[in-house]
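Below is one structure, written out as C-alpha cells; comments come after it.
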2 protein chains.
Amino acid sequence: MRKATYTVKDIAKLAQVSIGTVDRVIHKRGNVAEETLEKVNRVLNEIDYKPNVLARNLKRNKIFRLAILIPDPTIDPYWGPCLAGTKKAGQEIGLYGVELRLYVFNPYNTKSFTAQAQAVLQDNPDGALLAPLFYRESLQFLNDCGKAGVPIMTFNTSIGEGEVKGFIGQDLYQSGRVAGSLFSEVLKGGEIAIIHFNESYENAIHMQEKERGFRAFLGEPKKGDFNLTSHKFQSPVQGEPGKELRQFMKSAPQVSGIFVTTSQAYQIAKLVAETTNDVVLIGYDLLAENIKYLKQGAINFLIHQNPQTQTYLGITHLAEHLALQKPIQEKKLLPIDIVTSENLEFYLE
Amino acid sequence: MRKATYTVKDIAKLAQVSIGTVDRVIHKRGNVAEETLEKVNRVLNEIDYKPNVLARNLKRNKIFRLAILIPDPTIDPYWGPCLAGTKKAGQEIGLYGVELRLYVFNPYNTKSFTAQAQAVLQDNPDGALLAPLFYRESLQFLNDCGKAGVPIMTFNTSIGEGEVKGFIGQDLYQSGRVAGSLFSEVLKGGEIAIIHFNESYENAIHMQEKERGFRAFLGEPKKGDFNLTSHKFQSPVQGEPGKELRQFMKSAPQVSGIFVTTSQAYQIAKLVAETTNDVVLIGYDLLAENIKYLKQGAINFLIHQNPQTQTYLGITHLAEHLALQKPIQEKKLLPIDIVTSENLEFYLE
DNA sequence: CGTACTCTTGTGTACGTACACAAAAGTATA
DNA sequence: TATACTTTTGTGTACGTACACAAGAGTACG
C-alpha cells in the first residue's frame, strides 16, 4: 500500500529506526552503522521520497539576496522592461524569502560596470543575474563570483565560458533567419540593406550573429532573388537621425527592404515616414519609438527579444535554485516573437 | 526599527497579548474584547504583516485535488499539447500538495461531456479547469460547480456567464486581425478565401470571431484591395481531403490567399502542394501535419493558440489560488504568436 | 571491573501558523 | 459569598524538516 507522499517519520517507521537516523542517511552526514544504513537505503529505494519543500524552507528560514546587474534603462531604453520583470519576479519570490537588489551601470562605460560589479561582490549576495555586455569585464566578474561561491546566471547576451550556471536569451543566428524569412514572404527580391547601429558599442556579436543568420536564410535557394548590403551608422544620443544616415537614405532609392539589427529601427522609420517611401522595414524590440512607427505602418515587423521575460525567468530560476534547490537549466532560449501592429498589445502587457 | 517580515509572535509582543489572541484577530474568529481588538489592529496597521505561506501551508497540510476537463486529444489532436501543459503544471504544483486528475470527453459528443462532467462533480474536487466546448452543457456544469463551491476556470473558449472565476485564452477577433495583417503584408490585393472546417462542431463562435476580425482589418483603408469570400467544408475524420474541397481548389485558380480559421490548414496545404499553386496560406495551430507543410513552404504562417500554456497557466493559477489563496485573475489573454518555419522550434516544446 | 573513549542512535526543539483546549477573568443569580 | 455561567485570554501541540545534544552501545586499557 503506497502513499502519495512519505515523510521522514514514515521512513523511520518502515526502517525501524529513529527519524534522526533517517535524517543522517538522507543528508549523508555519516555516523551510521553499515547495517542501519542499508536498512534505511532499502526503504528509500522502495519508496519515492520527496522532502516537503514547505517544511524544509520553513526550517531553513533564511532570507536569500539576489543581485541584478543590468545597464541603466535611462541610458539605453532597451533595458526598461527588465525593471518590470524584476518587479514581477520580486513580488512572486518575496513569499519564499528571496530579496532583490538592483545594480545599474552605464552601458557605454566599462568603468561603471566594474564599479557596480565590485559593489555586488562587496554585498556578498546569495546569487546574481547579469547582463554581460562587456566581454572581458564580465568574464572577470563571473570568475570572481565563482570563487566567492555565488551562483550566477546571465541573460540577453551569451558568454560561452566562465563560471556561469545558466543562460536565458535568444538564438541570435536564428533570429536573423526569422527576419530573413519575413522578407522573403513580403518581397520577391531586390536589394535589402542590413543596418547596424553603434557597432562600437559592446553588443557587436549580437549584430554579427543576426546578420549571419539573415544572410544564410536568404542565400538559400528558392527564398527569392535578393541583393544584400551591410551598413554601419552611429545613432545620435538624442533626437534627429544623423547626417550620414539621411544621406544614405536619399542616395539609395533602389533599396526595397531594410533590416535593422538593433533596437534603433525607429531612426530609419522616421526617415521613411518623411519620404513616404514604401520600403519594407524590419527591426528589433518594442521600444516606444518603434511601436509608434509599427502602428503607423512605417515598420512592418518587429522581433521581440523580450528582455522582461528574460529577467523574470532569470530571477525566478535563481530563486528556485536557492530556495528549493532546483537545478539550474543550462540554457533557456526564448521564442523569437514576430510582432505586428495587430498582436503588439499582448507582448506589452 | 522595522523588520522585513513580522510573525504573529512579533505582533503579540508588540500588542502585549498572546499569539492566540493575535490569531483570533487576524482570522476574525471573534471572542476578543473590544479593547484588545483595537490594540492588535493598531499594531497590524502599523506594520505590513504577511503571513508566511510556507508555514501556513505546512500547517494546513491538505492535498488539493484539481479536475481537468478537456476533449480527448486522440480524437482532436488540437488538445494534445494540453497533456504536456498538465504534466508540466503537475510537477510544479505537486510540491505544494496539489494533485491533478484528468477527465477527457469526446468533442463530437455532448453526452460524453455531460458524463465526464458528472464524474468530476462526483469526485468533488477542490477546483476545476474546463475547456467549455458545448455552450449549454458547460453552463450547466459551471453552475453546478458554483453550487458545490468548486472554484472553476475556463480556457480556450470564453464563456461570458456562469460561475466562472477566470478565463485563459486568446482574443479571437484580434487573432483574425493578425491573420489579416499578415495577408496585407504579403499580398497587395486579390481574392482571399476564408475557410471554415466543421462549423457544425461546437466551436463555431471561434471561427465567426476570427472571420469578423479578419474582415474588419482588411476592410480598413490602405490595407490593400481584397475580395473576401467565405466557405465551409467538412474535414474527413481520416486521411484524404474531401471531394468538395478538392473541387473547390480546382475551380478557384484566381484565389491568391486562403485563411483557414481552424487547425485544419494542412487539408488545404496538401492540395496546394499537389498543384504547386503559389497561394498564400495562413492557418492555426502547430499540429504535426501543419508543421510539415509550414516547413515545406505550403503554409506561410501559422497562428499559435498555445493550448499548452493555456492549460499550464490555468492549472497553476488554480493551484496558487487554493494553496496560497492568491486571487484568480479574471481574464488572461495570451499573445497571438505568429509562427514561421524559422521560429517554429521555440514554440514547440 | 571500572574508566575513558569512540561509534551509533534517539530525543528534543525550532521554524511560523492554526486551532483545540485549558485557564483566567468577568458577570449574573441564588 | 458561593455557584454557575459566559466571555476573554493564554498555552500546548501539530504540520515535516534539520540539527544540536543527550543517551546508549560497544571497545580498549589500566
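In what follows, chains are A, B, ... by sequence order, proteins preceding strands, each numbered from 1.
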Practice prompt. To the nearest Å, give me how far apart CG (N57(A)) and C1' (dC15(D)) are.
Written response: 15 Å
Worksheet item: Within the structure, does a side-chain N or O atom of R24(B) lie under 4.0 Å from either OP1 or OP2 of dT9(D)?
Response: no
Worksheet entry | Per A33(B) side chain, nearest of listed nucleotides dG16(D), dT9(D), dT17(C) | dT9(D)
Practice prompt. Considering just the side-chain nitrogens and oxygens of T36(A), establish if one lies under 4.0 Å of OP1 or OP2 belonging to dT8(C).
Written response: no
Discussion item. Check this for me: K13(A), atom NZ, are more than 12 non-hydrogen atoms of other residues, nucleotides or ligands nearer than 6.0 Å?
Written reply: no
Worksheet item: Which atoms form the tightest heavy-atom contact between L334(B) and Q170(B), and what is the distance?
Response: O-CG, 3.7 Å
Discussion item. From C-beta outward on A55(A), which listed nucleotide comes closest to its side chain: dG16(C), dT17(D), dT9(C)?
Written reply: dT17(D)
Response to the item:
V17(B) has its side chain closest, among dC21(D), dG10(D), dG16(C), to dG10(D)
Item to complete: Look at T7(B) and dG16(C) and indicate whether a side-chain polar atom (N or O) is within less than 4.0 Å of OP1 or OP2.
Response: no
Discussion item. What's D23(A) touching, base or sugar-phosphate or nothing? Going by heavy atoms closer than 4.0 Å.
Written reply: base
Item to complete: Determine, for F167(A) and K331(A), whether the Lys NZ or Arg CZ falls below 6.0 Å from the six-membered ring centre while staying within 45 degrees of the axis.
Response: no
Item to complete: With the side chain of I19(A) defined as its heavy atoms from C-beta on, choose the nearest nucleotide among dA18(D), dG16(C), dG10(D).
Response: dA18(D)
Worksheet item: NA contact type, N31(B), heavy-atom cut-off 4.0 Å: base, sugar-phosphate, or nothing?
Response: base
Worksheet item: Does the side chain of N61(A) get closer than 4.0 angstrom to OP1 or OP2 of dG16(C) through an N or O atom?
Response: yes
Practice prompt. Give a yes/no answer on whether the side chain of R60(B) brings an N or O atom under 4.0 Å of OP1 or OP2 in dT17(C).
Written response: no
Practice prompt. Side chain of H27(B) only, please: which of dA18(C), dC15(C), dT9(D) is the nearest?
Written response: dA18(C)
Discussion item. Does K62(A) have more than 12 heavy atoms from other residues, nucleotides or ligands lying within 6.0 Å of its NZ?
Written reply: yes
Discussion item. Quick check: closest heavy atoms across G166(B) and I328(B), and the distance to 0.1 Å?
Written reply: CA-CG2, 4.0 Å
Item to complete: Give a yes/no on whether any side-chain N or O of Y49(B) is located under 4.0 angstrom from OP1 or OP2 of dT17(C).
Response: yes
Worksheet item: Taking the nucleotide of DNA chain D with the closest heavy atom to each, which residue, T21(B) or K59(B), is nearer the 5' end?
Response: T21(B)
Worksheet item: Between K9(B) (NZ) and dT11(D) (C1'), how many Å, whole number?
Response: 13 Å
Worksheet item: Atom CG of L58(A) to atom P of dA14(D): distance rounded to whole Å?
Response: 16 Å
Fill in: Nucleotide dT17(C), atom C1' - distance to NZ of K62(B) in whole Å
18 Å
Discussion item. If I take atom CD1 in residue I11(B) and atom P in nucleotide dA18(C), what distance separates them, rounded to the nearest angstrom?
Written reply: 11 Å
Practice prompt. Could you tell me the separation between the CG atom of N52(B) and the C1' atom of dA18(C), rounded to a whole number of Å?
Written response: 13 Å
Worksheet entry | Distance, rounded to the nearest Å, where K28(A) contributes NZ and dA18(D) contributes C1' | 16 Å
Worksheet item: Between dT6(C) atom C1' and E34(A) atom CD, what is the distance in whole Å?
Response: 17 Å
Fill in: Any donor-acceptor N/O pair, T36(A) side chain to V32(A) backbone, under 3.5 Å
no
